[in-house]
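Please read the structure below before turning to the comments.
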Amino acid sequence: MARILITSALPYINGIKHLGNLVGSQLPADLYARYMRVRGHEVMFICATDEHGTPAEIAAAKAGQPVAEYCAEMYGVQAELARGFGLSFDHFGRSSSARNHALTQHFAKRLGEAGLIEQVSEKQVYSHTDGRFLPDRYIEGTCPNCGYERARGDQCENCTMQLTPLELIEPRSTISGATDLEVRETHHLHLRQSKLRDTLDQWIDSQRGWPVLTTSIAKKWLHDGDGLQDRGITRDLDWGVRVQFDGAPWGGMEGKVFYVWFDAPIEYIAATAEWADAHSKDEAAWRRWWRTDEGAEDVRYVQFMGKDNVPFHTLSFPATLIGSGEPWKMVDYIKSFNYLNYDGGQFSTSLGRGVFMDQALEILPGDYWRWWLLSHAPENSDAEFTWENFQASVNKDLADVLGNLVSRVTKFCRSKFGEAVPEGGATGPREAQLVENITRRLRAYETHMEAMEVRKSATELRALWVLGNEYLQEAAPWSSFKTDPEQAAAQIRLALNLIRFYAVISQPFIPAASARIMADLGCDDWSWPEDVAAALALLPAGHGFTVPEVLFAKISDDQRLDWESRFAGSR
RNA sequence: GGGCCUGUAGCUCAAUUGGUUAGAGCAGAGCGCUCAUAACGCUUUGGUUGGGGGUUCGAGUCCCUCCGGGCCUACCA
């Protein structure tokens with residue numbers, strides 16, 4: 001039994017996430033967590049909301065709420081949606097927690113003492129109307145190069161020219177449109193990660209088998225131009241972790257908070273501490289996952305994230321951990337994903353284009369989405385959601401191949417033998433062949449799941465379901481029942497066990513459907529089928545069951561067309 | 001501009017890292033079955049692997065070039 005620490009990139013607090021966000025981190029992380037648990041490993045699966053930063057403050061202002069209140073409310077919404085999708089976090093924390101405040105300050109202090117933080121004087125744009133400093137991208141104006149009127153303060157989207165807000169002609173705030181902007185001198189702390197460049201470089205070189213996407217992004221940042229640059233880790237905001245605190249090895253940081261990207265990854269650790277608090281456990285309970293000197297040396301730590309998160313997880317966060325000089329557990333494997341597009345374009349929050357988590361659950365149960373998203377996960381390149389493809393996959397894979405199999409077996413049994421596993425008869429060569437075929441595919445499925453090959457796992461799982469239909473067709477118990485009812489009984493006994501077997505192995509993908517099958521079969525033995533023959537004889541003759549309701553309803557053409565137009569966006 | 005990823009059947013994807021005749025699912029065609037959610041099974045039609053050139057006994061895979069799609073480029077998170 002191994003100990004596996006799994007973290008999913010933290011969803012940002014300022015609204016409901018779309019399906020692309022879900023499939024890029026939380027969902028595959030959940031798949032892996034569920035699989036590892038059912039294989040008997042000790043799993044700690046952590047996620048949290050990422051609550052600090054300018055966008056949160058602005059979203060709260062828009063909602064007319066104090067930011068703390070807004071975040072608390074949105075946290076509730078996101079936690080509820082996570083439940084709807086069956087995300088099995090051991091803890092879903094908040095980066096605004098007291099635990100994270102304390103840990104973030106702890107790391108900053110250690111880094112400061114190690115000489116890895118320096119104070120830098122910078123010029124920042126302040127908006128009187130908005131009453132805040134504005135990040136570059138919140139400033140808009142006319143591009144000095146091409147004359148484009150909506151160039152952002154960091155780059156002109158029209159001519160790709162790199163800009164600073166000071167270069168814009170007629171700059172204005174994108175929040176309020178205010179033009180009473182002023183350049184102010186302000187002091188910030190920078191993390192001197194350039195000093196750790198070689199260390200980070202060697203650390204990444206020492207990792208084996210990481211996705212190309214992960215290492216290539218990290219290498220780019222390490223070696224491009226002048227190499228790894230230092231980063232500002234503080235901001236002039238109200239909402240966040242205070243930079244000035246007891247024991248802080250620097251002064252003059254009153255009124256400032258840490259940059260959200262500094263405290264967000266630390267929340268992985270803090271959320272584990274929150275988990276311990278929530279379960280009335282002691283400090284050692286969470287530290288054994290994170291401190292290699294306190295029990296974490298045998299932990300395998302896997303992170304899941306979209307490609308946009310890679311630099312922070314391969315460089316900044318490791319720099320924080322290494323720079324602390326303390327034995328914190330470093331990540332062992334980073335599984336990164338490309339983007340999911342929506343019907344020929346990108347998901348767009350502002351245009352209301354695409355399907356968002358709340359809308360998805362209003363339409364269909366979580367399992368439908370889980371299956372499609374995971375079986376089409378953007379592992380090698382960007383993937384695309386289309387309603388036609390979604391409809392085809394759900395109807396064919398879930399309703400026909402799996403759902404109908406459950407239905408035909410249980411209903412046949414009910415009509416010929418009653419609602420209990422029939423007795424009598426014996427299995428023969430055909431059943432032995434089935435066991436052999438299933439075993440071979442099951443081992444392939446296990447290999448892909450271990451390797452986090454999400455799509456390949458889904459393909460293999462579906463192929464396992466198909467074996468059930470093939471067997472039934474060949475055995476044809478509806479025929480054998482007429483000539484040799486005992487043989488039909490043995491065949492159906494096996495088929496009922498096959499359904500239970502499918503519920504167990506499919507659980508990481510479609511947990512709710514699996515749970516319903518198991519409940520209707522009156523079985524709660526979820527143990528993994530190491531021995532397929534034994535697993536297919538688990539439900540004994542005489543064991544009662546009830547015929548399940550339709551497991552997966554088909555998506556009609558009318559529904560598809562309706563949803564297609566509903567989610568096309570406002571334009 | 002620079003870097004990285006990507007282009008394989010009508011659609012969505014594979015191809016043991018250079019090795020026989022490029023494979024699956026869906027869609028299409030034909031046959032079978034009648035237990036089942038008009039479901040299932042079997043058979044089958046689809047490919048000059050984006051174009052061109054090169055290396056090699058051998059290229060979807062490596063190199064060059066052109067074309068298309070995408071991402072990143074450090075203050076959005």
Side-chain angles (χ1 to χ4, degrees), chain A residues 9-14 21 50 52-56 58 122 124-125 133-139 152-155 160-162 164-165 174 188 193 211-213 215-217 219-221 223-225 228-232 235 259-261 264 306-312 315-316 338-339 341 346 372 375-376 378-384 386 388-389 391-393 395-416 455-456 458-459 462-463 466 468-479 481 488 491-492 495 547 549-554:
Chain A
L10 309 186
Y12 197 67
I13 195 71
N14 71 339
N21 299 130
D50 179 12
H52 297 139
T54 310
I58 290 169
E122 300 180 344
Q124 297 252 292
V125 174
F133 282 92
L134 297 176
D136 291 356
R137 296 197 187 199
Y138 284 91
I139 300 162
R152 292 187 312 192
D154 55 337
Q155 184 177 35
T160 74
M161 174 104 172
Q162 306 275 328
T164 70
T174 60
H188 281 297
Q193 49 186 14
V212 180
L213 188 63
T215 48
S216 65
I217 292 173
K219 285 291 182 179
K220 173 77 189 321
W221 282 50
H223 299 297
D224 193 43
L228 188 61
Q229 302 296 297
D230 294 342
R231 277 189 83 95
R235 291 291 183 275
Y259 177 41
V260 58
W261 261 116
K307 56 185 167 187
D308 50 338
N309 275 323
V310 169
F312 304 98
L315 304 169
S316 312
N338 287 284
Y339 291 146
N341 290 317
Q346 296 190 338
W372 189 88
S375 62
H376 295 80
E379 288 177 296
N380 297 321
S381 61
D382 291 354
E384 176 161 318
T386 65
E388 206 174 343
N389 190 305
Q391 179 192 29
S393 288
N395 288 358
K396 201 67 199 174
D397 301 345
L398 296 181
D400 294 345
V401 176
L402 178 62
N404 182 56
L405 176 69
V406 171
S407 185
R408 65 195 294 208
V409 168
T410 51
K411 285 185 178 171
F412 180 81
C413 183
R414 179 173 63 183
S415 75
K416 305 299 187 207
R455 279 178 185 239
K456 287 180 181 174
T459 301
R462 186 191 192 280
V466 167
N469 283 310
E470 285 176 3
Y471 168 75
L472 220 57
Q473 183 66 31
E474 274 184 46
W478 48 89
S479 294
F481 182 75
Q491 290 165 340
I492 284 299
V547 173
E549 293 298 308
V550 168
L551 263 191
F552 296 101
K554 290 204 188 192

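Every heavy atom of this structure was used, including side-chain atoms; hydrogens, water molecules and symmetry mates were not. Being a predicted model, the structure only gives us computed values, none of them experimental.
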Please check the phosphate of [N] (OP1 and OP2 only) for any side-chain N or O of [X] closer than 4.0 Å.
X       : N      : answer
K396(A) : C40(B) : yes
R231(A) : C75(B) : yes
K411(A) : U37(B) : yes
Y259(A) : A77(B) : yes
Y339(A) : C72(B) : yes
R455(A) : C13(B) : yes

Fill in: Interatomic distance, N469(A) atom CG to D400(A) atom CG [nearest 0.5 angstrom]
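Nearest 0.5 Å value for the CG-CG distance: 9.0 Å.
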Item to complete: Kindly label the base of G46(B) as syn or anti, based on whether its glycosidic torsion lies within 90° of 0.
Response: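 You should classify G46(B) as syn.
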Worksheet entry | Greater than 12 external heavy atoms within 6.0 Å of E122(A)'s CD |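 Counting other residues, nucleotides and ligands, CD of E122(A) exceeds 12 neighbours.
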Discussion item. Between C35(B) and W478(A), is there a base-stacking contact, meaning the centre of the base's six-membered ring lies under 5.5 Å from the residue's ring centre while the planes stay under 30° apart?
Written reply: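 Here the ring of W478(A) and the base of C35(B) are stacked, with centres under 5.5 Å and planes under 30°.
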Worksheet item: On a whole-Å scale, what distance lies between the P atoms belonging to U45(B) and G50(B)?
Response: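 It comes out at 23 Å once rounded to the nearest Å.
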Item to complete: Return the orientation label for the W478(A) and F412(A) ring planes: parallel under 30°, perpendicular over 60°, tilted otherwise.
Response: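 W478(A) vs F412(A) ring planes: perpendicular.
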